[in-house]
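Only one structure is covered here, and it is reproduced in the block below.
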Amino acid sequence: MPVSSPVITRFAPSPTGMLHIGGGRTALFNWLFARHHKGQFFLRIEDTDRARSTPEAVDAILTGLKWLGLEWDGEVYRQSEHLERHGEIVQSLLNLGLAYRCYCSPEELAQMRETAKAEGKPQKYDGRWRNRDPKDAPAGIAPVIRFKAPQSGETVIRDRVQGDVTIANEQLDDLILMRSDGAPTYMLSVVVDDHDMGITHIIRGDDHLTNAARQSQIYAALEWTPPAFAHIPLIHGSDGAKLSKRHGALAIEAYRDMGYMPDAMRNYLLRLGWSHGDDEIISTEQAIEWFNLESIGKGPARLDLDKLNSISGAYLSREDDSRLSAIIVAIFDKKMGYRLSAELKERLKTAMPEFKQRAKTLNELAENMEFLVLPRPLPVTGKAAKQLNTDAKRMLADLETALATVQTWTQESIEAAIRDFAETKGLKFGKVAQPLRAALTGGAASPGIFDLLTVLGREESLGRIADQAAA
RNA sequence: GCGCCCUUCGUCUAUCGGUUAGGACAUCAGGUUUUCAACCUGGAAAGAGGGGUUCGAUUCCCCUAGGGCGUACCA
């Protein structure tokens, strides 16, 4: 049986949309912190807003987290399944005189805010039902239940990232604990659920910083010990403004679809706001070993696709050839509709070492390797077509003849043959290599031609040369 | 409006009073070269502004500016 662990964290998204990159990072930090302390990491779906929550969004969150490699412990905790418990707590608060019913209409509330704004005061509920006799309750109006918040003094949040944050209680109003339809609000349910789940550390976006003050007051009223708070800065778009759809694809799945590997993604996200000296490429094992709250920066970070690409490229070139070629095969199967033969799959794997170091994403890698598995004759594009002028074609015909005499098809023998060919023809090596590349790839960029010839094999190589020589 | 938070190269960041302010990405130049990339070498590039505290401030304090977040019967 598991011993009670020292650290329990949670990721608590509301299922109202895709899991975006900021949420992914929050989840990563919670996961890392829990793993570092050999504690537990829970997933809680905050679906108390029934109108906005959708099952699709829940799926997207689960899929996104799994893809990122952030496995949670235990069952998914759904807030909506604990409504009864939330209601009980509200009732006990009511019984203790720490909450009360409020019959204000939305219009009344709106006007209150306007007046406050006009007077230069904080916009908040003025507490008019706080001490009013329940007998005054208008008939036929379902009340909300409000928290009787302290009206003077201050609330201090001892934040592990932001430091001590002090907020005057005058700034905070009597928040709603339960809606008029009997559904608990976020502010109440987080506190109850975090307590019930035994959460020890709340790591979340700093958009929740002031909420922490409100929640602290509820913890105090309930005489519960609040967890440690760690509010991490939000991620901004590349222009420094708030992250929005205009800054490009934000759903975590979009990055998957663009061809980033989860490891690279995690590494990038980790470095966005957290650092360990000058280290840049940090394995997950090292991240778990090193991760701490103290090294999280306080300022918001901007999304930088260039950096992501660079990290992605670094991970690609370190990735195992078999794993990589299996992924590429899958991409071909799925996106391009190819059914690759065993021979072609082997060709991809053999070629992988040369290709993986020059691509930034899986998609780019697949694109770069496509010519390897294309059936003859190859389509010839732009620059390559230009290379293949009449002189070049004639040269290729001669070259084919020369190469056909090479019996043992090894890199060394091929190179010797081609260099010899160029020399006897009085051609600069490049004059041979470029048209040859065009014939072999149909394009202008590729790894070295000797690698190409070797990977393609004797028959395929000669065939491709012949195709272009004849045309 | 009120409140809270933030502010080092273009970007991500290191620095925990004394450094030629370091690294990475991007960028520029050169090298290598059969293309592209990779790779190697080198360059340019920063403490928002103003006051303090101190022998000495990027570092501590205050003000200003800029940015962010909150201020819902959303989470």
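Reminder, nothing fancy here: chain letters follow the sequence lines and each chain counts from 1. These values consider heavy atoms only, across backbone and side chains, with no hydrogens, waters or symmetry-generated copies.
Separating the CG atom of A/Leu43 from the C1' atom of B/A75 is a distance of 15 Å, rounded to the nearest angstrom. We find that NZ of A/Lys307 is positioned 9 Å from P of B/A24, with the value rounded to whole Å. Following rounding to the nearest Å, A/Ile282 (CD1) and B/A24 (C1') show an atom-to-atom distance of 11 Å. Rounded to a whole Å, the CG atom of A/Leu270 is 14 Å from the C1' atom of B/A24. Distance CD1 (A/Ile232) to C1' (B/C5): 14 Å, rounded to an integer number of Å. Computed from coordinates, the A/Leu305 CG to B/A24 P distance equals 21 Å when rounded to whole Å. Taking atom CD1 of A/Ile176 as the reference point, atom C1' of B/C73 lies 4 Å away to the nearest angstrom. Between the C1' atom of B/U59 and the NZ atom of A/Lys298 lies a distance of 13 Å, rounded to the nearest Å.
Where A/Arg419 and A/Leu308 meet RNA chain B, the nucleotide closest to each residue was compared, and A/Leu308 sits on the side nearer the 5' end.
Ion pair A/Arg44/A/Glu46 flagged as a salt bridge, since at least one NZ, NE, NH1 or NH2 atom sits closer than 4.0 Å to an Asp/Glu carboxylate oxygen. Using a 4.0 Å cut-off between charged nitrogen and carboxylate oxygen, A/Arg214 and A/Asp173 count as a salt-bridge pair. Contact check on A/Asp164 versus A/Arg158 returns a salt bridge, with a Lys/Arg side-chain nitrogen under 4.0 Å from an Asp/Glu carboxylate oxygen. Salt bridge status for A/Glu170 with A/Lys121: absent, with no side-chain N to carboxylate O gap under 4.0 Å. Ionic pairing of A/Glu423 and A/Arg419 is not present here: no N-O contact between side-chain nitrogen and carboxylate oxygen is shorter than 4.0 angstrom. Ion pair A/Glu364/A/Arg358 not flagged as a salt bridge, since none of the NZ, NE, NH1 or NH2 atoms sits closer than 4.0 Å to an Asp/Glu carboxylate oxygen.
B/A44 and B/A57 are spaced 27 Å apart, taking the C1' atom of each and rounding to whole Å. B/G47 and B/C6 have their C1' atoms separated by 15 Å, with the value rounded to a whole Å. Going from the P atom of B/A14 to that of B/C9 covers 12 Å, rounded to whole Å. With both ends at atom C1', the span from B/G10 to B/A48 equals 16 Å, rounded to whole Å. For B/U35 and B/G68, the P atoms lie 47 Å apart once the distance is rounded to whole Å. Comparing B/U15 with B/A72, their C1' atoms are spaced 43 Å from each other, to the whole Å. Taking atom C1' on both nucleotides, B/A37 is separated from B/G31 by 16 Å, rounded to a whole Å. To the nearest whole angstrom, the two P atoms, one in B/C39 and one in B/G52, are 50 Å apart.
Looking at residues 154-165 of chain A, you'll see A/Gln162, A/Val165 sit with a heavy atom under 4.0 Å from some atom of RNA chain B. At a non-hydrogen distance threshold of 4.0 Å, A/Gln357, A/Arg358, A/Lys360 from residues 350-362 of chain A come into contact with RNA chain B. Contacts of residues 431-453 of chain A with RNA chain B (heavy atom under 4.0 Å): A/Ala433, A/Gln434, A/Arg437, A/Ala444, A/Ala445, A/Ser446, A/Pro447, A/Gly448, A/Ile449, A/Phe450.
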Between the protein and nucleotides 67-71 of chain B, are there any N/O to N/O pairs under 3.5 Å, and if so, what are the atom names and distances?
| unit_1 | atom_1 | unit_2 | atom_2 | d |
| --- | --- | --- | --- | --- |
| B/C69 | O2' | A/Asp207 | O | 3.4 |
| B/G70 | O2' | A/Thr210 | OG1 | 3.1 |
| B/U71 | O2' | A/Gln123 | O | 2.6 |

Could you run down the sub-3.5 Å N/O contacts of the protein with nucleotides 41-43 of chain B?
none

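Put simply, the side chain of A/Gln162 gets close to the backbone of A/His231: a donor and an acceptor are under 3.5 Å apart.
By the 4.5 Å heavy-atom criterion applied to side chains, A/Leu70 and A/Leu32 are not counted as neighbours. Looking at heavy atoms from C-beta onward, A/Val58 lies out of side-chain contact with A/Asp47 at the 4.5 angstrom threshold.
Under 3.5 Å, the side chains of A/Arg266 and A/Thr284 contain a donor-acceptor pair of N or O atoms. Checked by atom type, the side-chain pair A/Arg437/A/Ser446 shows a donor-acceptor distance below 3.5 Å. A/Asn169 and A/Ser152 share no donor-acceptor pair across their side chains, judged by distance under 3.5 Å alone. Between the side chains of A/Asn292 and A/Ser295, a donor-acceptor pair is found at a separation under 3.5 Å. Using a 3.5 Å distance cut-off with no hydrogens or angles, the side chains of A/Asp136 and A/Trp129 do not pair a donor with an acceptor.
With sequence neighbours left out, the salt bridge (charged side-chain N to carboxylate O under 4.0 Å, His left out) criterion links A/Asp306 to no other residue.
The six-membered or imidazole ring of A/Tyr186 lies near that of A/His208, with a centre-to-centre distance under 6.0 Å. When ring centroids are compared, A/His201 and A/Phe229 stay outside the 6.0 Å threshold.
Base pairing of B/U34: no nucleotide in any strand meets the Watson-Crick or G-U wobble criterion (both distances under 3.5 Å). Across the strands present, B/U27 finds its partner in B/G43; the criterion is a Watson-Crick or G-U wobble pair with both atom distances under 3.5 angstrom. Pair assignment for B/G70: B/C2, on the basis of Watson-Crick or G-U wobble contacts that are both within less than 3.5 Å. Using the Watson-Crick or G-U wobble rule with both distances under 3.5 Å, B/U7 pairs with B/A65. Nucleotide B/G18 forms a pair with B/C55, judged by Watson-Crick or G-U wobble geometry with both contacts under 3.5 Å.
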Margin query: Between A/His86 and A/Leu83, is the side-chain contact (heavy atoms from CB on, under 4.5 Å) condition met? List the steps.
Written below: CA-CA 5 Å; A/His86 300 156; A/Leu83 262 29; 4.1 Å; yes
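Using a 4.0 Å heavy-atom cutoff across all strands shown, A/Glu280 reaches at least one base atom of the nucleic acid. Here A/Cys104 lies in heavy-atom contact (under 4.0 Å) with a base. Within 4.0 Å of A/Ser310, counting heavy atoms only, lie sugar-phosphate atoms of the nucleic acid but no base atom. Across all strands, A/Arg52 comes closer than 4.0 Å to base atoms (heavy-atom distances).
In terms of phosphate contacts, A/Ser275 brings a side-chain nitrogen or oxygen within less than 4.0 Å of OP1 or OP2 of B/A14. Close to B/A75, at under 4.0 Å from its OP1 or OP2, lies a side-chain N or O of A/Thr48.
Using cut-offs of 30° and 60° on the angle between ring planes, the pair A/Phe29 and A/Phe291 is tilted.
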